[in-house]
Amino acid sequence: MLGGIEAGGTKFVLAVGSSPTEIIARHEIPTREPATTLAQAGEWFEGQGSISALGIASFGPVDLNRSSPLWGHITNTPKPGWSNCDMAGYFAERFGVPIGFDTDVNGAALAECQHGAGKGASSLAYITVGTGIGGGLVLNGAPVHGAAHPEMGHIFPRRHKNDLVFDGICPHHRDCLEGLASGPAIKARWGASLSKLPADHIAHEIIANYLAQLTSALIAMSATEIIVLGGGVMKTPHLLDRVTQRTSELGAAYFPGGASHKIIAPGLGDRAGITGALLLASSA
Ligand code: ZN
């Protein structure tokens with residue numbers, strides 16, 4: 001039996017499965033401080049019988065370098081108490097099983113590529129637009145790591161001509177993509193979530209314009225076949241269509257193979273993250 005943890009900033013989703021797609025039991029706990037949260041997760045797994053491997057798809061930033069002493073740790077996060085938390089080490093010690101570890105969005109990208117919207121593709125990017133903006137990328141079937149992991153939410157888009165005054169809310173860069181187009185950035189400018197603003201409100205055009213700068217950059221840099229756009233903000237009616245349209249206007253149709261790029265909604269819905277965690281357990 002495989003164990004999986006989708007570790008998010010507000011909740012942990014826990015699951016056990018006989019395979020990554022055959023979930024036997026699932027449970028959610030709120031994300032409190034690390035000691036309480038990890039202990040609660042450990043107790044739940046103990047109640048499910050014995051697991052042979054555990055996969056963790058975590059919020060970041062995280063250390064993914066297997067030769068680093070900090071592998072499996074959350075590194076420097078603004079989330080109180082979680083900086084330098086040894087997530088993988090805690091569960092390795094408690095259960096004595098192999099641990100798979102990656103970012104939540106790389107996990108989701110892997111799941112969508114193997115079992116969701118990208119089934120049959122060898123490259124896929126998964127972007128979540130919600131409290132923050134993050135992205136994972138699978139190329140030739142494997143999640144992309146390197147010096148660290150992709151931080152797609154922190155690219156610097158060209159400002160929209162009707163959005164030159166707002167400072168942006170990213171604590172590190174102010175007006176990076178996350179600082180301009182995440183859920184809290186939308187609320188900070190217009191006082192409501194995008195789905196609550198009228199359909200003819202300029203916010204829809206502005207946000208689609210920013211997100212399309214990420215999708216077209218991804219196509220230009222990685223030639224990924226599929227881009228999956230998920231997260232709470234993407235549930236806004238017609239936003240996916242607007243981003244697709246704007247990506248095409250920005251010139252994606254020019255790129256070789258442009259016609260075969262697809263920008264789509266998650267095929268696994270809200271199960272992408274936990275399925276990714278079970279896939280990480282399976283490869284561990
Ligand atoms: Zn930023």
Side-chain angles (χ1 to χ4, degrees), residues 1-17 25-108 110-111 128 130-136 143 145 148-151 153-154 170-172 178 182-184 231-232 270 272-281 284:
M1 192 162 67
L2 302 170
I5 300 176
E6 181 189 3
T10 54
K11 67 178 178 187
F12 271 42
V13 180
L14 317 172
V16 289
R26 186 183 186 283
H27 184 60
E28 286 183 14
I29 54 173
T31 308
R32 299 198 178 91
E33 31 76 51
T36 314
T37 314
L38 300 186
Q40 277 188 338
E43 278 158 31
W44 184 80
F45 282 112
E46 274 164 7
Q48 306 305 310
S50 78
I51 51 171
S52 54
L54 181 71
I56 304 168
S58 176
F59 72 93
V62 292
D63 191 334
L64 299 177
N65 178 359
R66 275 273 178 186
S67 59
S68 158
L70 293 179
W71 175 84
H73 286 58
I74 290 179
T75 55
N76 189 20
T77 174
K79 194 166 173 54
W82 285 87
S83 284
N84 300 314
C85 170
D86 184 7
M87 289 262 262
Y90 176 87
F91 293 103
E93 192 171 312
R94 183 155 182 167
F95 294 107
V97 298
I99 305 286
F101 188 74
D102 212 318
T103 62
D104 47 2
V105 278
N106 263 344
L110 204 55
T128 179
T131 311
I133 298 179
H145 305 151
H149 47 78
E151 287 283 4
H154 300 276
C170 175
H172 308 290
E178 180 171 298
S182 60
D270 295 333
I274 193 64
T275 305
L278 289 165
L279 281 166
L280 295 171

Exercise. So which heavy atom on Pro34 is nearest to which on Gly81, and how close?
Worked result: CG-O, 3.2 Å

Exercise. Name the one of Asp104, Ile74, Ile56 that satisfies side chain to side chain contact (heavy atoms under 4.5 Å, CB included) with Val62?
Worked result: Ile74

Identify every side-chain donor-acceptor pair in residues 84-95 under 3.5 Å, counting partners at least two apart or on other chains, and give the distances.
| unit_1 | atom_1 | unit_2 | atom_2 | d |
| --- | --- | --- | --- | --- |
| Asp86 | OD1 | Gly89 | N | 2.9 |
| Tyr90 | OH | Arg94 | NH1 | 2.7 |
| Arg94 | NE | Glu46 | OE2 | 3.0 |
| Arg94 | NH2 | Glu46 | OE1 | 3.0 |
| Arg94 | NH2 | Glu46 | OE2 | 3.3 |

Exercise. Just by modelled atom types, is the Ser58 backbone N or O under 3.5 Å from a matching donor or acceptor in the Thr103 side chain?
Worked result: no

Exercise. For Ala25 and Gln48, which heavy atoms make the closest approach, and how far apart are they?
Worked result: CB-OE1, 3.5 Å

Exercise. Mind checking what makes side-chain contact (heavy atoms from CB on, under 4.5 Å) contact with Lys79, not counting sequence neighbours?
Worked result: Thr31, Phe59, Thr77, Trp82

Problem set entry | side-chain contact (heavy atoms from CB on, under 4.5 Å) partners of His27, counting only residues at least two apart | Leu14, Ile29, Trp44

For this session: Tell me, please, which residues at least two apart from Pro30 pass side-chain contact (heavy atoms from CB on, under 4.5 Å).
Result: Arg32

Exercise. For Leu278 and Gly17, which heavy atoms make the closest approach, and how far apart are they?
Worked result: CD2-N, 4.2 Å

Seminar exercise, completed: Residues Arg66 and Ile99: closest non-hydrogen pair is NH2-O, 3.1 Å

For this session: To the nearest 0.5 angstrom, please state how far the CD1 atom of Ile5 sits from the CG atom of Leu280.
Result: 11.0 Å

For this session: With sequence neighbours excluded, tell me which residues meet side-chain contact (heavy atoms from CB on, under 4.5 Å) with Ala277.
Result: Ala57, Ile274

Problem set entry | Qualifying residues under ring pair (Phe, Tyr, Trp, His ring centres under 6.0 Å), relative to Phe45, sequence neighbours excluded | none

For this session: Just jot down the ring pair (Phe, Tyr, Trp, His ring centres under 6.0 Å) partners of His154, sequence neighbours excluded, or say none.
Result: His173

For this session: Could you list the residues that satisfy side-chain hydrogen bond (donor to acceptor under 3.5 Å, both in side chains) with Glu33, not counting sequence neighbours?
Result: Thr36

Exercise. So do the side chains of Thr75 and Ser83 get within less than 4.5 Å of each other, counting heavy atoms only?
Worked result: no

Problem set entry | side-chain hydrogen bond (donor to acceptor under 3.5 Å, both in side chains) against Ser68, all qualifying residues, sequence neighbours excluded | Asp63

Exercise. Where do Gly55 and Ala281 come nearest, in terms of heavy atoms and distance?
Worked result: N-CB, 3.2 Å

Exercise. Once you round to the nearest 0.5 Å, how far does CD of Glu151 lie from CD of Glu178?
Worked result: 8.5 Å

For this session: Considering non-hydrogen atoms only, spot the tightest contact between Gly100 and Ala284 and give its length.
Result: N-CB, 3.5 Å

For this session: State which residues pass side-chain hydrogen bond (donor to acceptor under 3.5 Å, both in side chains) with Asn65; sequence neighbours excluded, sorted by chain then number.
Result: Ser67

Problem set entry | Residue list, side-chain hydrogen bond (donor to acceptor under 3.5 Å, both in side chains) with Asp102, at least two apart or on another chain | Asn106, His145

